[in-house]
Structures are given as C-alpha cells and as structure tokens.
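Everything on this sheet refers to the single structure shown next.
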Amino acid sequence: MKTIIYTATASRAMIRHANRAKLIKAKIVQYAENPAAQARNVKSLVGVDASRLRVQDFRVLFRETADTITILDIGPRGGIYD
C-alpha cells in the first residue's frame with residue numbers, strides 16, 4: 001500500500017465537506033491499496049502534473065509517485081479545477 005499524504009488545503013477541504021469525508025477517504029485508501037479497482041475513476045489532468053479521482057460529485061486532485069500519494073485538493077466537481 002502506498003503512503004497517503006494530505007496537504008493543508010486538502011485537510012481543510014475534508015473538514016469543510018465533513019458529510020462526505022468518510023466516503024472520500026475510503027475511496028482514497030481503496031485506490032492506494034489497489035489502483036486497478038479505481039482505474040476507471042482516475043484520469044491524468046492536462047497541463048498539470050497531477051491526476052484526479054472521481055468520488056460521486058467530488059473530485060480528489062493528487063500526485064502519485066512509486067510509494068506515495070499526495071492529496072492536493074478535494075472539492076465539488078464544478079469548482080475544483082479553478
């Protein structure tokens with residue numbers, strides 16, 4: 001399993017969206033344990049060295065290395081890419 005690191009922005013977003021935090025965290029852990037399980041929900045972002053994980057109407061922006069996943073930001077689909 002890869003190590004999951006949350007940035008300060010992502011931590012604040014988890015607090016702000018507390019009603020969905022448990023589901024979002026579960027999907028992140030599921031991806032860290034087995035990336036193939038969430039492969040259809042992950043896409044690379046164009047023009048940025050990051051990817052996104054789709055969790056219902058929320059998007060999790062992250063960077064991935066061989067042994068870590070750094071969560072950059074979490075937010076609703078409409079405003080996360082601004």
Side-chain angles (χ1 to χ4, degrees):
M1 181 173 153
K2 295 183 179 188
T3 304
I4 302 169
I5 301 169
Y6 291 88
T7 62
T9 304
S11 296
R12 283 192 302 270
M14 288 292 271
I15 293 169
R16 190 171 47 247
H17 304 293
N19 58 339
R20 302 266 176 98
K22 188 175 181 181
L23 173 66
I24 293 169
K25 190 174 276 191
K27 292 291 184 178
I28 293 169
V29 169
Q30 186 179 13
Y31 179 74
E33 290 175 349
N34 183 11
Q38 292 294 320
R40 67 180 197 175
N41 292 325
V42 174
K43 291 192 178 182
S44 295
L45 297 177
V46 176
V48 182
D49 181 30
S51 300
R52 66 106 170 127
L53 171 66
R54 183 172 56 98
V55 181
Q56 293 180 348
D57 287 341
F58 280 78
R59 302 297 183 261
V60 178
L61 304 182
F62 66 94
R63 274 196 196 108
E64 186 173 12
T65 62
D67 57 347
T68 63
I69 297 174
T70 304
I71 308 299
L72 304 172
D73 201 1
I74 301 167
R77 173 177 63 90
I80 192 66
Y81 301 111
D82 294 338

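Worth knowing before you read on, the calculation uses all heavy atoms, side chains too, and leaves out hydrogens, waters and symmetry mates.
In this structure, CD1 in I28 is found 6.5 Å from CD1 in I4, a value given to the nearest 0.5 Å. For the atom pair CZ (R59) and CG (D57), the distance works out to 7.0 Å, reported to the nearest 0.5 Å. In this structure, OG in S44 is found 9.0 Å from CD in E64, a value given to the nearest 0.5 Å. In this structure, N41 CG and R52 CZ are separated by 7.5 Å, a value rounded to the nearest 0.5 Å. Residue I69 holds its CD1 atom at 6.0 Å from OH of Y31, rounded to the nearest 0.5 Å. Rounding to the nearest 0.5 Å places CD of Q56 at 5.0 Å from CG of L23.
In terms of hydrophobic clustering, with Ile, Leu, Val, Met, Phe, Trp and Tyr side chains grouped at heavy-atom distances under 4.5 Å, V55 and I15 are assigned to different clusters. Clustering ILVMFWY residues whenever any of their side-chain heavy atoms sit less than 4.5 angstrom apart, transitively, puts V48 in a cluster other than the one holding I5. Both V42 and Y6 belong to a common hydrophobic cluster when Ile, Leu, Val, Met, Phe, Trp and Tyr are linked at side-chain heavy-atom distances under 4.5 angstrom. A single hydrophobic cluster is not seen to contain both L72 and V60; linkage of ILVMFWY side chains at heavy-atom distances under 4.5 Å, directly or through other members, places them apart. The hydrophobic cluster containing L45 does not contain I74, counting ILVMFWY residues as joined when their side-chain heavy atoms lie under 4.5 angstrom apart, directly or transitively.
Among residues two or more places apart in sequence or in another chain, the salt bridge (Lys or Arg N to Asp or Glu O under 4.0 Å) test is passed with K43 by none. For F58, the ring pair (Phe, Tyr, Trp, His ring centres under 6.0 Å) test picks out H17, with sequence neighbours left out.
Screening residues 5-34 for salt bridge (charged side-chain N to carboxylate O under 4.0 Å, His left out) gives no qualifying pairs among residues at least two apart or on separate chains.
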Given the rule in the side chain to side chain contact (heavy atoms under 4.5 Å, CB included) test, do T7 and D73 qualify, once you have shown the distances and angles that lead to the verdict? CA-CA 8 Å; T7 62; D73 201 1; over 6 Å; no
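Distance alone, capped at 3.5 Å, places no donor-acceptor pair between the T70 side chain and the F62 backbone. Of the possible polar contacts, one joining the R63 side chain to the D49 backbone as a donor-acceptor pair under 3.5 Å is found.
Heavy-atom minimum distance, A37 versus Q30: CB-NE2, 4.2 Å.
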